Visitor: 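Encoded as structure tokens, here's the structure I'll be asking about.
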Protein chains: 2
Amino acid sequence: MGRVTIQQVAKAANVSPSTVSNLLNGRTERMVPATRERIEAAIAELGYRPNRAARQLRTGRTQTVGLIVPSVGNPFWGAFARELEVAALAVGCSVLLCNSERDPERERRYVEELWEDGVRGIVLCSSLPTLDHLADVVARGLRLVTFDRPAQPGDPDSVVSVSIDNHVGGFLAGSHLTSLGHERLTFVSGSLASVNRTGRFRGFCTALEAVDLDPTAMPLWTGFEDTPFGDVEAAEVGRRAAHALFSGTEEPPTGVVAINDMTALGFCRGLRDQGLRVGSDVSVVGFDDIILADLYDPPLTTIRQPIARMAALALGEVLDDGDREPGRSVLLRPELVVRESSAPPPVGGVPERRTAEVRASDLRASDVSTTDGAVR
Amino acid sequence: MGRVTIQQVAKAANVSPSTVSNLLNGRTERMVPATRERIEAAIAELGYRPNRAARQLRTGRTQTVGLIVPSVGNPFWGAFARELEVAALAVGCSVLLCNSERDPERERRYVEELWEDGVRGIVLCSSLPTLDHLADVVARGLRLVTFDRPAQPGDPDSVVSVSIDNHVGGFLAGSHLTSLGHERLTFVSGSLASVNRTGRFRGFCTALEAVDLDPTAMPLWTGFEDTPFGDVEAAEVGRRAAHALFSGTEEPPTGVVAINDMTALGFCRGLRDQGLRVGSDVSVVGFDDIILADLYDPPLTTIRQPIARMAALALGEVLDDGDREPGRSVLLRPELVVRESSAPPPVGGVPERRTAEVRASDLRASDVSTTDGAVR
DNA sequence: TCTGTGCGGTGTAACGATGCACCAAGGTAC
DNA sequence: GTACCTTGGTGCATCGTTACACCGCACAGA
């Protein structure tokens, strides 16, 4: 296929392949400039590009980093993937993208596969509570950087993490609502077992306690016990939560903090299904600040994650061969972005304004549940 | 690193490496079952996994397909990328994802690089009018499948395309609005030079003509001449279009078809900026049916692209070694999804309801322009 | 007994780049 | 003069897999 090899370059430059290889790999200390120029000229003229497969076979290394996200179908992860690629491109790396769909087994398989492919390291976007399923590969030397999942007690030492301070984020969201005067608040999220959920929820609770509200007295949405909602269905979680919270017998909340923007948007949709208005009837605060947050009607108040900076940081952690403190967590400060989905609570509480238009078909399954109960 | 090689397997099974290789590559016709079982047992016991780099070096082939999208930051492409990965996973392939940001040069570089990496083929999501910048690589044997870009006259013969019938899509969108009684309609899109834009716009015009409306007499949004809006900024295009169309001196449209959902959503946001209501004041029809279309308030009427089927088809075209008719286009039929962003036009035209709340800061730059003119 | 042939595998030379060990030539030092 | 160093490179084995050519064997037909 007309592929140019290092031999051909060597011949053209009248040197040995080794010398060309030396140049290619920056071992130029003891190389006379004239030689170097000859080789460079030959490379340019022949349009030589080193064969990656051969290189990798020989060295065992790559210029690729793996990225595992729950699903690029979710705009937040799509945006993050894009930022990581931008960062990688700048340093001549490429990114191999995998969707774990939050399935630990699938996550493990991908990690294993990427490792066998010889990636430099992996940025793992997972919020699974443990990394036990990956301990093997990490022990064998994989550079693993977790994103959006601060290091946990049992994690392997070499794992580095980059994320926002979820506690602060949850606190910002919660206190934004309490400062508007809300006193009945709910935290909505799909899975209970995710790490960032815990942080955000704690922050939320802290915000309530700061104004002498009792988190355990709030209307609670416990999510689905065993329904494995994918990231794309995050919105559906929110929507169902809205249906459940506002059709029960209990007095509903006047404000809600959602685990992420997709869930928040779904929640807004659920409110709308019931004829309630976001902002004026019920305040909603999201998390992430995806592009659509600003686009939504009303524009969504949310907690912004600085994904571009985080992507750059995560990539740096993967690539830096230098002295990296093992087990460190980089925590960035999130930022509250106030838009129009949050407002003071309506006087007299949330109106009973469910319209007849609620179509049962809007709910995909029947698995809706609400529970009261103590906050864990 | 404890890597198991084919030699070790061979030794364990008491055969030669060649025989193991034969099994691995399905050349089992003249292999006695006992041998086969011995080898399989050895593979299982040692946990052998073939080394991809070595394999690729030897054969020049991979189990990877390239995917080039404008930007995974855009939910439509994110969703498509995910579907393609699902399809690829099912046949044991992996997907290498690249964001072209609609830059032809970047597109070319990626294609070149993927080709050098030995991908089986590339699914290119591009709507550039020509493929000239890729003619080289295609001529050298690259299997290229374009998505969302029907084959054009000058395209290389071997290029296959998978897309919806944009003309039908545009027609469905347009005639949905005319059948609701709209008589002043506008088509909104960012770049004018994209292939699918042409198809959709023609379909839109056909729909107008079908009810004796003159497309050239409609309020026209010509987009930006040279502003290279990325895919993530598609929404911004729509928003600016709304600002321009509804603040000019000309009588504004009562209905709008957008080139895609992100632009439609941006347009809705722009309407809102001016105190206009989507659906009741102005009807908006999008294109793609991204998840957010259903989530939006009001839910967006749109033209659905069957991305899962399209992804599977595109992958098939990349992988099928069989008899493929060169230069063929697979056109799928899009589907109109009616939601609540479209309704009959308001009696008495669009109300002058711009509120004082329009903040100049909502517009990022000053580059807004509208032009009247003949339809090309 | 000799040739032919089908069967079930094996031997071996690549694929392209790398990097260690080595080398020839010239310059000191004593 | 010889021992030794520095300079500027080169030779060669090697990474793990593949695929083509070939091989020994058994049995059939003549």
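All figures in this text were calculated on a predicted structure; none of them were measured in a lab. In what follows, every heavy atom counts, from backbone to side chain, and hydrogens, waters and symmetry copies are set aside. All chains are named by letter (A, B, ...) in the order of the sequence lines, taking the proteins before the strands, and each is independently numbered beginning at 1.
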Visitor: Can you tell which of C/dG9, D/dT10, D/dC15 lies closest to the side chain of B/Thr35?
Guide: C/dG9
Visitor: Is a donor-acceptor pair below 3.5 Å formed from side chain A/Arg30 to base D/dT7, judging by atom type as modelled?
Guide: no
Visitor: Would you kindly give the CG-to-C1' distance between B/Leu57 and D/dA19, to the nearest whole Å?
Guide: 14 Å
Visitor: Check whether any side-chain nitrogen or oxygen of B/Arg3 sits under 4.0 Å from OP1 or OP2 of D/dT17, and answer yes or no.
Guide: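 Indeed not, no polar side-chain atom of B/Arg3 lies that close.
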Visitor: Got a sec: does the CZ of A/Arg36 have more than 12 other heavy atoms crowding it under 6.0 Å?
Guide: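 Counting other residues, nucleotides and ligands, CZ of A/Arg36 stays at 12 neighbours or fewer.
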Visitor: Please determine whether any donor N or O and acceptor N or O are separated by less than 3.5 Å between the side chain of A/Ser18 and the base of D/dG11.
Guide: yes
Visitor: Nearest of C/dG19, D/dT10, D/dG8 to any side-chain atom of A/Thr59?
Guide: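 Of the candidates, C/dG19 comes closest.
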Visitor: How many Å lie between CZ on A/Arg27 and P on C/dA17, as a whole number?
Guide: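 Atom-to-atom, A/Arg27 to C/dA17, this comes out as 14 Å.
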Visitor: If I take atom CE in residue B/Met31 and atom C1' in nucleotide D/dA19, what distance separates them, rounded to the nearest angstrom?
Guide: 13 Å
Visitor: Describe the nucleic acid contact of B/Gln56 in one word from base, sugar-phosphate, nothing, applying a heavy-atom distance below 4.0 Å.
Guide: nothing
Visitor: Could you report the tightest heavy-atom contact between A/Gly121 and A/Leu142, atom names first, then the distance?
Guide: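 So the two residues come closest at CA-CD1, 4.4 Å.
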Visitor: Between A/Thr5 and C/dG16, is there a side-chain N or O to OP1/OP2 distance below 4.0 Å?
Guide: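 For C/dG16, neither OP1 nor OP2 has a side-chain N or O of A/Thr5 closer than 4.0 Å.
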Visitor: Starting the side chain at C-beta, find the nucleotide from D/dT18, C/dT18, C/dG16 nearest to B/Arg55.
Guide: D/dT18
Visitor: Tell me: CG of A/Asn14 to P of D/dG8, nearest whole Å?
Guide: 18 Å
Visitor: Under 4.0 angstrom, heavy atoms only, what part of the nucleic acid is B/Arg61 near: base, sugar-phosphate, or nothing?
Guide: sugar-phosphate
Visitor: Looking at B/Arg61, I'd like to know if its CZ atom is crowded, meaning that more than 12 non-hydrogen atoms belonging to other residues, nucleotides or ligands lie closer than 6.0 Å.
Guide: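 Open.
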Visitor: Should A/Ser94 and A/Gln63 be marked as a side-chain hydrogen bond (donor to acceptor under 3.5 Å, both in side chains) after you check the CA-CA gap, both sets of side-chain angles, and the distance that decides it?
Guide: CA-CA 7 Å; A/Ser94 42; A/Gln63 284 298 78; over 6 Å; no
Visitor: Across the strands shown, which category fits B/Val15 at heavy-atom distances under 4.0 angstrom: base, sugar-phosphate, nothing?
Guide: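 Result for B/Val15 = sugar-phosphate.
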Visitor: Can you tell me how far P of D/dT18 sits from CZ of B/Arg52, to the nearest Å?
Guide: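 Taking atom P of D/dT18 as the reference, CZ of B/Arg52 is at 12 Å.
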Visitor: Do NZ/NE/NH1/NH2 and the carboxylate oxygens of A/Arg52 and B/Glu113 come within less than 4.0 Å?
Guide: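 So A/Arg52 pairs with B/Glu113 through a salt bridge.
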Visitor: Grab the CG-C1' distance between A/Asn51 and D/dT14 for me, whole Å please.
Guide: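 The answer, rounded to whole Å, is 16 Å.
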Visitor: Would you mind reading off the distance between A/Gln7 atom CD and D/dG11 atom P, rounded to a whole angstrom?
Guide: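 Taking atom P of D/dG11 as the reference, CD of A/Gln7 is at 12 Å.
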Visitor: Can you tell me if the side-chain N/O atoms of B/Asn25 get under 4.0 Å from OP1 or OP2 in D/dT18?
Guide: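 It does, given that an N or O in the side chain of B/Asn25 lies less than 4.0 Å from OP1 or OP2 of D/dT18.
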Visitor: Is there a side-chain polar atom (N or O) of B/Arg58 under 4.0 Å from OP1 or OP2 of D/dG16?
Guide: no
Visitor: Nearest to the B/Thr19 side chain among D/dT17, C/dG9, D/dT10, which nucleotide is it?
Guide: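 Selected nucleotide: C/dG9.
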Visitor: Take atom CG of A/Asp117 and atom P of D/dG16, then tell me their distance rounded to the nearest Å.
Guide: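 After rounding, the gap between these two atoms is 15 Å.
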Visitor: Counting heavy atoms from C-beta on, name the nucleotide in D/dG16, C/dG9, D/dT10 closest to the side chain of A/Asn22.
Guide: D/dT10
Visitor: Want to settle it: does B/Glu29 or B/Ala54 sit nearer the 5' end of DNA chain C, counting the closest nucleotide to each?
Guide: B/Glu29
Visitor: Got a sec: does the CD of B/Glu40 have more than 12 other heavy atoms crowding it under 6.0 Å?
Guide: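 More than 12 within 6.0 Å, yes.
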